[in-house]
Amino acid sequence: MQRSAVELLEGLTEPQREAVAHIDGPLLVLAGPGSGKTTVVTRRVAYLIGQGIPAWQILALTFTNKAAGEMRDRVERMVPGEVPGRRGLTMATFHSFCARLLRRYSGAAGVAERFSIYDAADQRAAIKQAVKTAELSARNFTPAAVAAAISNAKNRLMTAQAYTEHAGDFYTRSIARVYRAYERVLWSNDALDFDDLLLVAARLLRDDERVRQELQERYQYLLIDEYQDTNHAQFVIAHALAAAHRNICVVGDPDQSIYGWRGADIRNILEFEEHYGEAVVIPLGQNFRSTGHIVAAADLLIQNNTGRKHKPLHTELGDGEKPVVVTCRSEHHESALIVEAFRRRQADDAIPWKDMAVLYRINALSRVVEDAFRGAQVPYVVARGTAFYDRKEVKDALAYLRLIANPNDEVALRRIVNVPVRGIGKVTIDKIELYAINRQLRFFDALRDVEAVKGLTGRAQASVQRFVTMVDSWRAGLETESGDAEVVALALAELVEQVVRESGMETLYRRSKSEDDLARLENLEELISAAAQFVPSVDESDAAVRGEDVGARRWTPAELLGAYLESVALVSDADAIDPTRGAVTLMTLHAAKGLEFEVVAMVGLEEGLLPHMRAAQSDFELEEERRLCFVGMTRAKRHLLLTRAATRAHRGLRERTIPSRFLQELPREEVTFSGQADEYGDSDAFDDSESFDEDDGSGGTRTGARSFPPGCLVRHPEFGLGRVESVMQRPKGAIARVRFHGVGIKTLILEYAKLQRAE
DNA sequence: CTGGTCATTTTTTTT
DNA sequence: AAATGACCAG
């Protein structure tokens, strides 16, 4: 055995070693939380390469881009530079792998070469359009409900046609109509949604023998992480690829399956052995992450789930500290208590901020927690990778880029045709649209024809013409020569800059003096520099297969733009977590999957929140909620704090809460129930000023709108100095919009907000 | 055409 | 509480 191979097996338990050294044939690794899964996966890939299997023959599919990137780095560090065939490893998410596949085999797959990828917002717009064309009431068919139904169908590889054939009742038949209309919208826009990436790729692999064979030959070794969260489409993709050589290694934990609502089918992992009779199964039960009480408590909780294979968890890290459950008065109290607890950990135990996390079931809960951390000046980051790309100005700029890349992307076109306002309003658009429908033209082609559209003002026509000329000139700029990715990336950045400038966005935001708009400008500048630094992943390159230097692939600007938009479309929240930043991480339980922290606080352990009210309907969903709780608890290495608030404001109303049933399921021997939170300190220790039971001062002196004229300076106990933008008289009382320095605009009810005039 | 006001609705998790 | 959409005055 080579020296490196020995090293790769060092310091592992027997089952871990067995998994790493497994080469040929199907392998199922049942990896409990903290069982060293990532180590096993990365070492196994390095081991395969060390055994002479060229890296480009290995395909590893992960759940997030971040996981893929980290694993690739770790593998590269483990494989010495002189090992032949160490380049060209494909490590990607299912979605990005499929996207690249579809671009490469666009002809066989029947998709446009330069298709757009629609995110949730684009999808929503397309669905709205579809509901309209299907002539259904937008009231009974909300975009969210329709989207969920369609997504469900797509995850089961059900096309609009198949769905129609199976549709029985009125509601299903109606959905079928929208589904068909939606598909027509996507089709005419040359667009695919997230589910399509999987669905079309799965059908391509299933039905096209030539493509399947080619890819089977290319990817001799297949590895799939988080296998418990794969859906049927992903199952089909994986098994089509593995059908010939059967070198498929899947890693996962049925107890951590938390994406059932997204079509994940837990049977994929439970029935793996049935699909592959000769499969080797290796359970990894030893937990190297958490101390005894945490492991025991989580293990006993998950045992309340029926129909699971019991898989005992154990740790050898000692008993450690018991998880603590605290009931707080309100969500503000809850957040303040967590900040205080984290502070102590940092001060007394010297645990750095980056090793602490607050987890919650729904994003909406992050707000109060954020406020508390900000108020206490404790550094924190909210794990929302999409947040940057969700900003209006960034989405607008990207819509321009998408329109340049894909002239048929009407969702993008409609988004920005009048942004910033350039005199192409609703009336003009409606008229041009009518013209387009009558002549069977694409919307953009109708814009080109604007002179022929009747009933438009000369002004509107001129505006449209200017817009068309502008977009055309950008497209022309794209038709330059190919080059190294780094060089072309600069051209890409130039294009982004040109778009920002010539579209008028720059002027719009620069002209304004408001801080928000200045921030917008900065975001756009960030987008430009992100484009300049964009490095496409080239793992699918044929160059690697031919044994050439992988970095030598040449890119045309158009190709690079496509790759850039694709990478932007597929970022996930978890991708944003940057451990080098010395800050507490705030994120959803879902985003926390696969991560670990010294200190973890889980908030909102209340009925309706965890388990979520939408999930409490069926036992199946309830068990998934329990697994979610299990995932959260097992993120903690040493300190686990579970909190709930006795009352919580929900949609403007304060309500009394019921403790989560999961708290009751926790064993008393393993968990400390700290009764009421008062022992953690009372009133003054925490800023509970927004609590409902607080009296609003003196009933007689109603805070009148008159005392705060627009433009006046005010002081707020929490937000500091600010300037009143506007005041509105509403039935519930006067409402002021106030811009606070460094905080932004807040809408406050004068009666309750303790505002003071400051001059 | 634009920008503001007012009313209504919203109830999860995400590639 | 916040976001969206309808409506209306300039």
Side-chain angles (χ1 to χ4, degrees), chain A residues 61-68 92-99 117-120 123-124 128 138-139 142-145 147-148 151 154-155 192-199 226 229-231 233-234 258-264 359-365 367-368 383-386 392 418 420-430 456-457 459-460 463 566 569-575 587-593 604 608-616 621 624-625 627-628 631-632 649-655 690 726 728-732 735 737 745-749 752:
Chain A
L61 297 171
T62 60
F63 206 69
T64 63
N65 295 298
K66 181 144 178 297
T93 63
F94 260 102
H95 285 84
S96 59
F97 174 71
C98 290
I117 298 173
Y118 278 4
D119 68 9
Q123 193 183 25
R124 198 186 145 89
K128 273 189 186 171
R139 227 188 135 64
T142 62
S151 173
K154 285 188 174 180
N155 286 330
L192 299 179
D193 64 21
F194 286 134
D195 300 318
D196 281 333
L197 296 175
L198 303 179
L199 173 129
E226 307 285 7
D229 285 321
T230 52
N231 62 30
Q234 291 166 321
I258 53 175
Y259 283 92
W261 51 274
R262 208 170 83 181
L359 310 181
Y360 35 80
R361 175 69 233 270
I362 59 172
N363 280 305
L365 293 189
R367 196 179 199 89
V368 185
R384 291 214 93 186
T386 51
K392 180 195 178 314
N418 199 30
V421 285
R422 52 171 69 90
I424 309 177
K426 194 172 181 309
V427 179
T428 308
I429 301 222
D430 284 349
L456 289 182
T457 61
R459 235 179 120 98
S463 298
E566 181 181 298
L570 299 178
V571 291
S572 71
D573 286 350
D575 294 337
M587 66 185 143
T588 63
L589 289 163
H590 284 89
K593 191 176 70 165
L609 229 36
L610 184 66
H612 194 268
M613 64 200 295
R614 292 284 291 236
E621 288 175 307
E624 181 154 308
E625 295 291 304
R627 290 195 290 268
L628 205 45
V631 166
H650 191 235
R651 226 160 83 207
L653 282 176
R654 181 158 293 279
E655 283 163 346
E690 289 180 67
S726 65
M728 281 171 295
Q729 202 60 243
R730 293 274 289 271
K732 297 169 210 150
I735 288 193
R737 287 165 58 77
I745 294 185
K746 290 273 166 191
T747 304
L748 305 165
I749 298 174
Y752 302 112

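Only this structure's heavy atoms are used, side chains among them; waters, hydrogens and symmetry mates stay out. None of these values were measured; they are calculated from a predicted model. Letters A, B, ... are given to chains in the order of the sequence lines, protein chains preceding strands, and every chain is numbered from 1.
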Holding to side chain to side chain donor-acceptor pair (under 3.5 Å), I want the full list of residues that pass it with [X], two or more places apart in sequence or in another chain.
| X | value |
| --- | --- |
| Thr93(A) | Ser96(A) |
| Asn418(A) | none |
| Glu621(A) | Ser618(A) |
| Asn65(A) | Asp575(A) |

Can you check the [X] [atom1] to [N] [atom2] distance for me, whole Å?
| X | N | atom1 | atom2 | answer |
| --- | --- | --- | --- | --- |
| Lys593(A) | dT13(B) | NZ | C1' | 12 Å |
| Leu610(A) | dT11(B) | CG | C1' | 16 Å |
| Leu653(A) | dT9(B) | CG | C1' | 14 Å |
| Leu365(A) | dT12(B) | CG | P | 12 Å |
| Glu655(A) | dA1(C) | CD | C1' | 14 Å |
| His612(A) | dT13(B) | NE2 | P | 7 Å |
| Gln123(A) | dT15(B) | CD | P | 14 Å |
| Leu589(A) | dT14(B) | CG | C1' | 14 Å |

Start at the 5' end of DNA chain B and walk down; is the nucleotide closest to Thr64(A) or to Glu621(A) reached first?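 Result: Glu621(A).
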
Minimum heavy-atom distance between Thr428(A) and Ala460(A), given as atom pair plus value: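 So the two residues come closest at OG1-CB, 3.8 Å.
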
Looking only at non-hydrogen atoms, find the nearest pair between Arg262(A) and Asn155(A) and report the distance.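 In terms of heavy atoms, the two residues are closest at O-ND2, 2.9 Å.
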
Which nucleotide in the set [options] lies at the smallest distance from any side-chain heavy atom of [X]?
| X | options | answer |
| --- | --- | --- |
| Asn363(A) | dT15(B), dT11(B), dT13(B) | dT13(B) |
| Arg651(A) | dT15(B), dT10(B), dT13(B) | dT10(B) |
| Arg262(A) | dT15(B), dT11(B), dT13(B) | dT15(B) |
| Arg367(A) | dT13(B), dT12(B), dA2(C) | dA2(C) |

Residues that Glu226(A) engages under salt bridge (Lys or Arg N to Asp or Glu O under 4.0 Å), provided they are two or more places apart: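 If we apply the salt bridge (Lys or Arg N to Asp or Glu O under 4.0 Å) test to Glu226(A), skipping adjacent residues, the hits are Lys37(A), Lys593(A).
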
Can you give me the N/O atom pairs linking the protein to nucleotides 1-3 of chain B at distances under 3.5 Å, or say none if there are none?
unit_1 : atom_1 : unit_2    : atom_2 : d
dC1(B) : OP1    : Gly425(A) : N      : 3.1
dC1(B) : OP1    : Thr428(A) : OG1    : 2.7
dC1(B) : OP2    : Val427(A) : N      : 3.1
dT2(B) : OP1    : Gly423(A) : N      : 3.1
dT2(B) : OP2    : Asn418(A) : ND2    : 3.1

Measure the distance between the ring centre of Trp261(A) and the centre of the six-membered base ring of dT13(B), then answer whether it is under 5.5 Å with planes under 30°.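 Stack criterion met.
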
Verify the stacking flag for His590(A) against dT13(B): centroid separation must be under 5.5 angstrom and the ring planes must differ by under 30 degrees.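 Given the distance and angle limits, no, they do not stack.
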
Taking side chain to side chain contact (heavy atoms under 4.5 Å, CB included) as the definition, give me every residue that meets it alongside Ala120(A), ordered by chain and number, with sequence neighbours left out.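 Not a single residue meets the side chain to side chain contact (heavy atoms under 4.5 Å, CB included) criterion with Ala120(A).
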
Which residues satisfy the side chain to side chain contact (heavy atoms under 4.5 Å, CB included) test with Ala99(A), sequence neighbours excluded?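 Here the qualifying residues are Ile117(A), Leu197(A), Glu566(A), Leu570(A).
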
Kindly indicate whether the side chain of Arg361(A) and the base of dT13(B) share any N or O donor-acceptor pair separated by less than 3.5 Å?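 Donor-acceptor pair under 3.5 Å: yes.
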
Gap in Å between the two P atoms, one belonging to dT13(B) and one to dT4(C), rounded: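 Taking atom P in both dT13(B) and dT4(C), they lie 15 Å apart.
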
For a quick check of understanding: with a heavy-atom distance under 4.0 Å over all strands, which category does Phe94(A) fall into, base, sugar-phosphate or nothing?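 No contact at all - Phe94(A) keeps every heavy atom at 4.0 Å or more from the nucleic acid.
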
Plane angle bin for His590(A) and Trp261(A) - parallel if under 30°, tilted between 30 and 60°, otherwise perpendicular: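 It falls in the perpendicular class, over 60°.
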
Given dT14(B), is OP1 or OP2 found less than 4.0 Å from the side-chain N or O atoms of Thr588(A)?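 Result: yes.
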
Within the sub-3.5 Å range, which N or O atoms of nucleotides 3-7 of chain C have a protein N or O partner, and how far apart are they?
unit_1 : atom_1 : unit_2    : atom_2 : d
dG5(C) : OP1    : Lys128(A) : NZ     : 2.4

